[in-house]
Number of protein chains: 2
Amino acid sequence: MGSDQQASATRRRPGPRRILSEEVIVAAALRLLDERGAEAVSIRGIAAELGVAPNALYTYFPDKAAVLRTLVDRLIGEHDAEALADVGRPWRERVHELALGLRARLLAHPGAAALLLGAPMDGPQALLLGERLFALLAEAGLDDDVAVHAGYVLIVYILGAIALEAAELDPARPAPPEAERIAARRAGFAALPADRYPRTAAGADTIAAYIGTGQFRWGLERVLDGLTHPDSAGRRSRAL
Amino acid sequence: MGSDQQASATRRRPGPRRILSEEVIVAAALRLLDERGAEAVSIRGIAAELGVAPNALYTYFPDKAAVLRTLVDRLIGEHDAEALADVGRPWRERVHELALGLRARLLAHPGAAALLLGAPMDGPQALLLGERLFALLAEAGLDDDVAVHAGYVLIVYILGAIALEAAELDPARPAPPEAERIAARRAGFAALPADRYPRTAAGADTIAAYIGTGQFRWGLERVLDGLTHPDSAGRRSRAL
DNA sequence: TCCGAATCTGTACGGCGTACAATTTGTACC
DNA sequence: GGTACAAATTGTACGCCGTACAGATTCGGA
């Protein structure tokens with residue numbers, strides 16, 4: 001007692017210097033994910049990428065799932081907080097920026113999108129993104145609680161869109177241009193037997209477009225309409 | 001030539017009688033999924049469950065992924081087509097039934113929800129569900145193309161809600177009662193550091209409720225509002 | 001100086017999906 | 001009725017996987 005040991009959080013630990021860091025491990029994992037797909041992201045694969053024995057990673061992360069959770073959360077966190085907080089810009093525009101940014105960052109790493117959908121969005125960066133969305137909606141004039149309601153419906157919509165779009169992508173390689181993906185999807189739906197799936201086949205153009213940015217924005221506008229139009233306010237009390 | 005062999009599709013194949021069927025394999029897989037979680041659903045595990053060598057399954061399905069795809073599609077298909085088509089009932093009510101039913105069927109098998117989100121919804125039953133949704137919206141008075149637009153926004157919302165809710169569940173065991181899950185989630189959010197996540201901590205009650213049926217319905221109403229309110233019609237042309 | 005904690009490595013275990021080569025079982029044709 | 005051949009199942013094997021465990025090594029602190 002009385003010894004002036006530093007706070008244990010910052011004190012240098014005994015033992016050999018660490019060769020790696022959480023950052024380089026996550027970076028290696030993301031590289032593998034992008035270049036060789038979700039199945040290539042293994043503890044052994046990451047270790048090989050880093051020139052290290054597989055077990056070395058277990059001093060940085062308790063298990064493989066923790067590596068993947070961290071990877072996804074970092075990806076969520078790469079947003080432009082300043083632009084979202086700029087009260088000089090119309091709030092709908094800022095909501096679009098947040099939504100489009102999150103969607104784009106995840107779809108740029110198709111394997112990561114699948115990971116996002118399999119685990120709760122409860123990492124520090126995910127929570128911060130939520131804070132920014134709620135704050136943005138509150139600035140737009142919504143009461144604090146209403147802002148949280150609206151924010152969550154938006155998050156549900158964004159998650160759904162990411163799920164829909166990521167399901168079409170090969171997690172082993174970067175996404176082809178959007179127009180190309182839409183065209184492929186359109187061809188697939190148009191080729192369905194029209195006697196069994198008449199509306200789907202006839203609506204192939206529309207359906208195919210829903211994995212694209214244009215329809216994502218359009219749907220986002222409709223959801224925002226539903227959340228802000230006059231009738232909606234009175235029904236808010238029907239929340240559970 | 002001239003021999004009266006039956007159509008090759010129905011002709012009995014040579015070789016020993018098949019001891020299994022796609023049905024029993026999928027059923028065994030679902031049983032494992034529910035009782036022991038996603039990781040327990042392995043080719044070897046299913047085969048053991050059926051008292052058969054692992055490789056026996058490969059005459060019924062080309063690989064493990066095909067088993068899982070089939071499993072999810074069957075689950076999607078277990079809806080009440082007649083109730084959805086009953087034009088005597090208000091269309092909003094029927095949309096709710098379709099959405100709530102799909103959500104409930106998938107969340108009843110938490111592991112299956114994760115599978116749904118990882119692959120395109122392009123199985124025969126998924127396509128039929130789409131047909132029914134589109135038809136329902138068309139009966140509600142929407143033009144055919146508008147019905148497809150609206151149907152897809154609804155599907156995105158439903159997918160997002162399933163993703164949000166399934167992420168909280170332990171895929172190894174049945175979901176606890178909803179109230180219990182919401183309470184646990186509320187406690188988690190309320191315990192966050194209020195200095196860093198003020199709005200999230202303050203809105204814990206609201207946020208927690210979003211994994212529940214009540215908020216699912218409320219959000220669904222808002223999305224339907226956005227898709228049908230007067231301003232929306234004029235903006236439809238902004239679709240990509 | 002030496003204790004003990006923190007790294008990292010080597011090895012090993014039990015699991016996985018599935019390819020390959022028998023073996024068995026049935027149909028179809030001579 | 002015999003026989004060729006296709007289909008179903010099994011046994012075995014390969015190369016992966018996550019990670020537990022037991023050293024060996026390296027450092028900070030007393």
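The sequence lines fix the lettering, A, B, ..., with proteins before strands; numbering per chain opens at 1.
The side-chain hydrogen bond (donor to acceptor under 3.5 Å, both in side chains) test applied to Arg105(B) returns no partner, not counting sequence neighbours. In this structure Ala65(B) satisfies the side-chain contact (heavy atoms from CB on, under 4.5 Å) test together with Asp63(B), Arg69(B), sequence neighbours excluded. Applying the side-chain hydrogen bond (donor to acceptor under 3.5 Å, both in side chains) rule to Arg44(A) yields no partners; only residues at least two apart in sequence or on another chain are considered. A search for side-chain hydrogen bond (donor to acceptor under 3.5 Å, both in side chains) contacts involving Tyr152(A) returns Arg185(B), not counting sequence neighbours. Considering only residues two or more places apart in sequence or on other chains, Leu129(A) meets the side-chain contact (heavy atoms from CB on, under 4.5 Å) condition with Ile76(A), His79(A), Leu98(A), Leu102(A). Applying the side-chain hydrogen bond (donor to acceptor under 3.5 Å, both in side chains) criterion to Asn55(A), with sequence neighbours excluded, gives no partner residue.
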Extract all donor-acceptor atom pairs below 3.5 Å that involve side chains of residues 192-208 of chain A and protein atoms in other chains or at least two apart in sequence.
from, atom 1, to, atom 2, distance (Å)
Arg199(A), NH1, Asp144(B), OD1, 3.3
Thr200(A), OG1, Glu131(B), OE2, 2.6
Thr206(A), OG1, Asp145(B), OD1, 2.5

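When distances are taken from the side chain of Asp63(B) to each of dT9(C), dT18(C), dT27(C), the shortest belongs to dT18(C). Residue Ser42(A) places its side chain closer to dG18(D) than to any other of dT18(C), dC27(D), dG18(D). The side chain of Ala56(B) lies closest to dT9(D) when the candidates are dG17(C), dC27(D), dT9(D).
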Please tabulate the protein-to-nucleotide N/O contacts below 3.5 Å involving nucleotides 10-14 of chain C, giving atom names and distances.
from, atom 1, to, atom 2, distance (Å)
dG10(C), O6, Asn55(A), ND2, 2.1

Would you tabulate the nitrogen or oxygen pairs shorter than 3.5 Å linking the protein to nucleotides 4-6 of chain C?
from, atom 1, to, atom 2, distance (Å)
dA6(C), O4', Pro14(A), O, 3.2

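Applying the side-chain hydrogen bond (donor to acceptor under 3.5 Å, both in side chains) definition to pairs two or more places apart or across chains, those involving residues 32-43 of chain B are Asp34(B)-His109(B). The ring-ring contact (aromatic ring centres under 6.0 Å, His included) analysis of residues 42-73 of chain B, with sequence neighbours excluded, yields no pairs.
For Thr70(A) and Glu22(A), the side-chain atoms include no donor-acceptor pair closer than 3.5 Å.
Across the protein-nucleic acid pair, Ile19(A) atom CD1 and dT26(D) atom P stand 11 Å apart, rounded to whole Å.
Proximity of residues 22-38 of chain A to DNA chain C (heavy atom under 4.0 angstrom from any strand atom) is not detected for any residue.
The shortest distance between the side-chain N/O atoms of Tyr60(A) and the OP1/OP2 oxygens of dC8(C) is below 4.0 Å.
Distance alone, capped at 3.5 Å, places no donor-acceptor pair between the Glu165(A) side chain and the Leu107(A) backbone.
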